[in-house]
Amino acid sequence: MPLPSGSSAGGVKRGAEGDTGRTEIPGAVCGYGTARPEECRHSCRSQPAPGPACSLFLVSRLGEAADLLAAARQAGVKHVVLVSSIAVQTHPHLGLAGENLAVEQLLKASGMAWTILRPTQFASNALMWAACIRAHKTVHAPYAETALPTIHPADIASVARVALTEPGHHGCAYALTGPEPVTARQQVEAIAATLGRKVPFAEFSRRQAREQMAAVFGPDAADAVLDVTGGDVNHELLMVRDTVVQLTGTPARPFQQWASENADAFR
């Protein structure tokens with residue numbers, strides 16, 4: 001699951017890289033990500049897909065889902081692949097999970113075929129430490145020893161590509177994780193190894209973390225993120241799943257690979 005975001009901009013693209021990775025999506029897909037309703041209408045109507053169906057790749061909670069789904073159906077979209085969150089099944093009582101579930105329900109009621117992806121914590125959430133690491137300051141994080149099966153965003157994109165272009169995925173919801181549990185401390189160590197220098201790390205309290213996060217995301221979102229990153233973990237959240245390799249034929253990428261590919265963000 002990505003950290004909460006207030007962004008709502010986006011665009012419709014054909015055969016383009018989406019926000020979750022560098023996997024090419026073929027031309028039969030008319031949209032991705034956080035497209036506005038009018039962009040979806042324009043894409044599907046003015047650039048008809050070569051295949052028999054038009055598909056949409058949608059990221060939950062980054063736009064007006066009801067309007068977009070209605071516009072997509074009107075424009076002829078037949079199948080939507082939605083990136084939701086694993087919190088829908090691990091922490092359904094949390095507000096952020098409820099918001100994702102509401103989008104899932106809108107999609108299921110839309111009349112279009114659907115596939116839902118529920119990823120766990122994104123490896124790219126580590127970018128929140130980038131400024132601190134570039135400044136050679138100490139990285140602080142709560143729940144330093146809680147190990148979650150963090151997922152590389154490119155694996156989400158790879159699964160989305162399969163769901164968009166291959167048969168057999170309509171009406172399916174897939175929980176997605178990385179190949180192994182990794183703690184916040186281990187993530188910082190992996191970044192340090194990539195940079196070839198020490199990166200100081202220190203654990204701090206939930207209260208201290210909440211003060212910082214609430215200023216950015218708001219108190220409710222801060223509490224939800226802190227719960228699913230260590231404050232209220234459960235077996236379902238900690239479980240490593242083989243969904244990525246089962247669907248794509250390629251093992252899920254480890255956090256170390258993400259750190260290596262994104263080293264420049266921390267230099």
Side-chain angles (χ1 to χ4, degrees), residues 1-7 10 17-23 32-34 57-62 81-91 94 96-97 99-100 103 116-133 139 141-143 146-161 163 174-188 190-191 194 209 213 216-217 221-222 224-231 233 236-241 243-244 247-248 250-266:
M1 69 203 87
L3 289 175
S5 171
S7 64
E17 173 189 331
D19 291 339
T20 52
R22 299 186 178 275
T23 296
Y32 83 97
T34 58
F57 175 48
L58 179 65
V59 179
S60 178
R61 299 179 54 253
L62 292 184
V81 174
L82 174 70
V83 179
S84 180
S85 169
I86 202 168
V88 168
Q89 60 195 71
T90 66
H91 293 74
L94 294 179
L96 292 178
E99 292 174 16
N100 280 293
V103 178
I116 295 170
L117 310 183
R118 294 174 177 163
T120 187
Q121 182 187 57
F122 285 21
S124 52
N125 287 355
L127 289 170
M128 64 183 171
W129 301 322
C132 183
I133 293 174
V139 173
Y143 310 116
T146 298
L148 299 174
T150 300
I151 189 166
H152 194 307
D155 284 328
I156 304 171
S158 295
V159 172
R161 186 186 192 282
Y174 297 118
L176 306 178
T177 74
E180 60 188 359
V182 56
T183 67
R185 189 185 304 276
Q186 289 169 333
Q187 290 182 41
V188 173
I191 294 168
T194 295
M213 297 177 70
V216 179
F217 307 130
V225 171
L226 287 166
D227 281 351
V228 299
T229 55
V233 297
E236 186 83 356
L237 183 66
L238 298 174
M239 183 188 306
V240 174
R241 294 167 169 83
T243 319
V244 171
L247 293 179
T248 69
T250 302
R253 300 162 174 87
F255 180 85
Q256 291 89 336
Q257 180 174 340
W258 180 88
S260 177
E261 292 168 352
N262 293 275
D264 287 346
F266 301 94

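In what follows, residues are counted from 1 in the order of the sequence shown.
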Between Ser124 and Trp258, the two heavy atoms sitting closest are CA-CZ2, 3.4 Å
Is the closest side-chain heavy-atom distance between Gln187 and Gln121 below 4.5 Å?
-> yes
With Val103 via side-chain contact (heavy atoms from CB on, under 4.5 Å) - residues at least two apart = Ser60, Ala65, Leu82
Would you say Thr248 and Val159 make side-chain contact, with heavy atoms under 4.5 Å?
-> yes
State the OG1-CZ distance between Thr150 and Phe122, to the nearest 0.5 angstrom.
-> 11.0 Å
Nearest atoms (heavy-atom pairs only) where Val188 meets Trp129 = CG2-CZ3, 3.7 Å
Spacing of OG1 belonging to Thr229 relative to CG belonging to Leu237, to within rounding of 0.5 Å = 9.0 Å
Atom CG in Asn262, atom CG in Leu127: separation rounded to 0.5 Å?
-> 6.0 Å
Enter the distance from His152:NE2 to Gln257:CD here, rounded to the nearest 0.5 Å.
-> 5.0 Å
Determine whether Val83 and Pro119 make a side-chain contact, defined as any pair of heavy atoms from C-beta on separated by less than 4.5 Å.
-> yes
If you round to the nearest 0.5 Å, how far is CG of Leu176 from CD1 of Ile116?
-> 12.0 Å
Rounded distance [0.5 Å steps], OH in Tyr174 versus OG in Ser84 | 15.0 Å
Hey, does Pro254 have a side-chain heavy atom less than 4.5 Å from the side chain of Glu180?
-> yes
Which pair of non-hydrogen atoms, one from Leu117 and one from Ile156, has the smallest distance, and what is that distance?
-> CD1-O, 4.0 Å
Please report the shortest heavy-atom distance between His91 and Ala97, naming the atom on each side.
-> O-CB, 3.1 Å
Ala147 to Leu238 - nearest heavy-atom pair and separation = O-CD2, 3.3 Å
Nearest non-hydrogen partners of Ala221 and Phe217, listed with the distance = CB-O, 3.6 Å
Sub-3.5 Å donor-acceptor pair from the side chain of Thr177 to the main-chain atoms of Val240, do we have one?
-> no
For Gln256, the side-chain hydrogen bond (donor to acceptor under 3.5 Å, both in side chains) test, sequence neighbours excluded, returns none
If only atom types and distance count, is the side chain of Asp155 paired as donor or acceptor with the main-chain N or O of Gly178 below 3.5 Å?
-> no
Leu96 versus Ser85: any side-chain heavy-atom pair under 4.5 Å?
-> no
